[in-house]
Amino acid sequence: MKQKSNRKSDDMSAMWGRKTAQRSATAKRGDWFRESKYAMFIHWGLFSQAANQWKGETYHGIAEWLMYRARITVAEYEGLAKLLNPVDFNAADWVRLAKAAGMKYIVVTAKHHEGFAMFRSRASSFNIYDASPFRRDPLLELAEACRQEGLKLGFYYSQYLDWHEPDAAGNDWEFKQKGDFNKYLHHKAIPQIRELLTNYGPVALIWFDCPGEISIDTVHQLRDMVRKLQPDCLINSRIGHGLGDYVSAGDQEVPLVPPEGLWEAVDTHNDTWAYSAPDHNWKSPAELISRLVRVVSLGGSYMLNVGPTGKGIIPPESEIILRETGKWIHRNAESIYGAGPSPLSRQAWGVATSRQGVLYLHILNWPSGGELWIPGLSASIKSAYWLVSGKSVRCVRKKGCLCLQLPEIPPDQPAAVIAVEVRGKISKTKRQIMVHPGLLNELDAPFARLTGCKHGKQSWMEKFGDWHHADFVESWQKGSMARWSFTLPKPGLFYLYADYDCRDGANDHQWEVSVGPNRWLFPVMATGGGAFGRTRIRHERLGVIHLPRAGDYTLSIKSMAGKEQPDFRLQRVTLEPVE
């Protein structure tokens with residue numbers, strides 16, 4: 001007897017089958033990405049020639065947005081192309097630098113929002129080969145250099161914004177009327193993306209940006225083209241409509257809580273993405289290592305940007321720092337490449353990464369007193385040793401925690417790594433916070449248990465922008481409470497600080513702080529800055545607390561005001577030892 005078909009059930013099964021196949025394909029496509037952990041981002045274009053200066057005026061902030069910020073006309077901006085002649089560009093030097101720095105792949109701006117292609121394009125003559133005296137295709141040279149050195153190569157492409165084209169989005173100072181976006185899409189964007197996918201060999205990923213009001217049908221069209229021409233090519237989330245293979249976090253954001261699945265943090269070496277003559281605020285090796293291992297400890301990949309000059313030179317200060325950072329990474333490669341996320345919460349001393357049977361403790365802040373406390377790790381310990389030397393580290397169990405004995409001077413700088421070998425699988429532990437008597441202990445908003453309020457997040461693009469990457473406790477009302485539970489290995493005396501943003505409407509409202517035997521009221525003070533779009537964080541010392549015994553504590557902040565508090569947001573509380 002022929003069984004009657006259930007059309008709805010069959011359709012659902014087919015849909016879930018396709019989704020399972022897609023997830024499997026994405027997972028396989030992302031294997032190399034998951035292993036790599038560290039990459040070089042390169043912002044290079046006409047903006048590099050301008051270097052954040054226009055008609056005698058110096059601009060401070062993101063240099064690749066100079067055309068937009070200075071409201072430069074297309075005709076004037078095209079004049080920069082006649083000056084762009086990067087005769088000092090050497091693709092092999094760039095790739096070797098990335099390799100020495102410990103980076104596994106490179107992503108370069110093929111076309112940014114300014115509309116200028118940094119490759120030879122038949123779809124638009126506004127490109128480095130046809131419009132500049134350089135008459136070379138640097139992306140061809142980069143592709144060959146990456147093949148020679150064994151690094152993967154990806155391309156950044158701005159698919160929605162193009163200030164050079166009247167039919168694209170973004171140029172509202174010169175093109176007053178809305179253009180025909182489909183015309184731009186089919187005459188420039190899609191042909192150029194096709195060129196990138198067909199003329200440069202294997203493409204590791206396409207890094208789209210600022211999808212704006214782009215339609216889901218357009219995103220499907222772009223994604224299908226990538227899948228057809230380069231089946232193994234990854235697509236980032238900024239293609240739009242949730243159709244990417246992995247998540248790109250906010251610009252310059254190292255999150256406290258990671259996105260789900262494959263993800264990356266994108267950061268700059270200084271305060272801008274493209275080369276800016278007045279910007280010399282380079283992150284040190286210690287800062288870069290801290291940001292890298294924090295990302296890896298959360299299961300992500302860290303992509304660090306450099307901005308070459310119009311002559312094609314990566315700034316020497318940046319190069320020196322990258323090479324120094326790379327030396328540390330190569331010494332501690334086992335704890336980075338292919339390492340998984342930590343089963344521990346972030347601790348005052350640093351973060352951990354892991355692989356089968358091994359936990360890698362990255363000590364970013366050296367504890368005083370010769371002891372490193374690890375909460376919540378119940379696995380049986382086989383051995384512990386310094387990764388840089390193999391020398392053993394003594395460890396014992398104390399008060400339910402693992403305690404490792406440290407020398408007075410770290411054996412490696414700017415961070416030392418202890419490998420802890422365990423028997424069996426390292427299981428995910430309770431997200432337990434340890435307050436160290438000799439370190440600065442930050443209790444951040446995402447890790448608070450809330451009553452009557454909620455977790456919130458605000459994002460900004462850059463240092464000079466209006467938006468900020470910050471997690472908050474917000475939407476307070478009378479009786480709302482945020483609580484952090486932590487373990488203290490020794491009695492201690494601490495300064496208590498609060499970081500918060502307060503509008504005028506919440507000024508002088510009272511809040512109660514409570515931890516152990518300590519309890520008092522404090523008023524919050526307005527931080528200024530207008531609407532929350534321009535956050536002004538106040539770092540205020542609330543007082544001194546005495547924690548008279550070792551053990552478990554709960555610190556709470558409670559609203560005592562008689563009405564809702566939409567004008568107050570708490571970012572973190574900090575316990576700083578009184579010395």
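Computation of the quantities below employed the complete heavy-atom set of this structure, encompassing side-chain atoms and omitting hydrogens, waters and symmetry-equivalent molecules. Residues: numbered from 1 along the sequence shown.
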Fill in: Thr574 versus Glu442, side-chain donor and acceptor atoms under 3.5 Å
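No - no donor-acceptor pair under 3.5 Å links their side chains.
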Discussion item. I'd like to know if the side chain of Lys283 and the backbone of Ile321 have a donor-acceptor N/O pair within less than 3.5 Å.
Written reply: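 The answer is no, because no donor-acceptor pair under 3.5 Å joins these two groups.
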Practice prompt. Heavy atoms only: give me the nearest Ala445-His455 pair and the separation to one decimal.
Written response: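 It is O-CE1, 2.9 Å.
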When the aromatic ring centroids of [X] and [Y] are compared, is their separation below 6.0 Å?
X	Y	result
Phe116	Phe47	no
Tyr68	His113	no
Tyr200	Phe155	yes

Fill in: Residues in salt bridge (Lys or Arg N to Asp or Glu O under 4.0 Å) contact with Lys37, at least two apart in sequence or another chain
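Result, salt bridge (Lys or Arg N to Asp or Glu O under 4.0 Å) vs Lys37: none returned.
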Worksheet item: For residues 293-304, which residue pairs qualify under salt bridge (Lys or Arg N to Asp or Glu O under 4.0 Å), counting only residues two or more places apart or in two chains?
Response: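 Matches after skipping sequence neighbours: none remain.
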What's the separation between atom [atom1] in [X] and atom [atom2] in [Y], rounded to the nearest 0.5 Å?
X	Y	atom1	atom2	result
Arg238	Tyr246	CZ	OH	9.5 Å
Phe33	Lys152	CZ	NZ	12.5 Å
Ile363	Leu404	CD1	CG	7.5 Å
Gln413	Glu324	CD	CD	11.0 Å

Worksheet item: Among Ser335, Ser297, Ser342, Ser290, which residue meets the side-chain hydrogen bond (donor to acceptor under 3.5 Å, both in side chains) test with His362?
Response: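 Between His362 and the candidates, side-chain hydrogen bond (donor to acceptor under 3.5 Å, both in side chains) is satisfied uniquely by Ser335.
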Worksheet item: Using 30° and 60° as the class limits, which term best fits the ring planes of Trp94 and Trp44: parallel, tilted or perpendicular?
Response: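 If you compare the ring of Trp94 with that of Trp44, the planes turn out perpendicular.
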Fill in: Criterion salt bridge (charged side-chain N to carboxylate O under 4.0 Å, His left out) against Asp245, the qualifying member of Arg29, Arg223, Arg34
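So the option named by the test is Arg29.
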Worksheet item: Going by an N to O cut-off under 4.0 Å, is there a salt bridge joining Lys111 and Glu195?
Response: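 Result for this pair is no, no salt bridge flagged.
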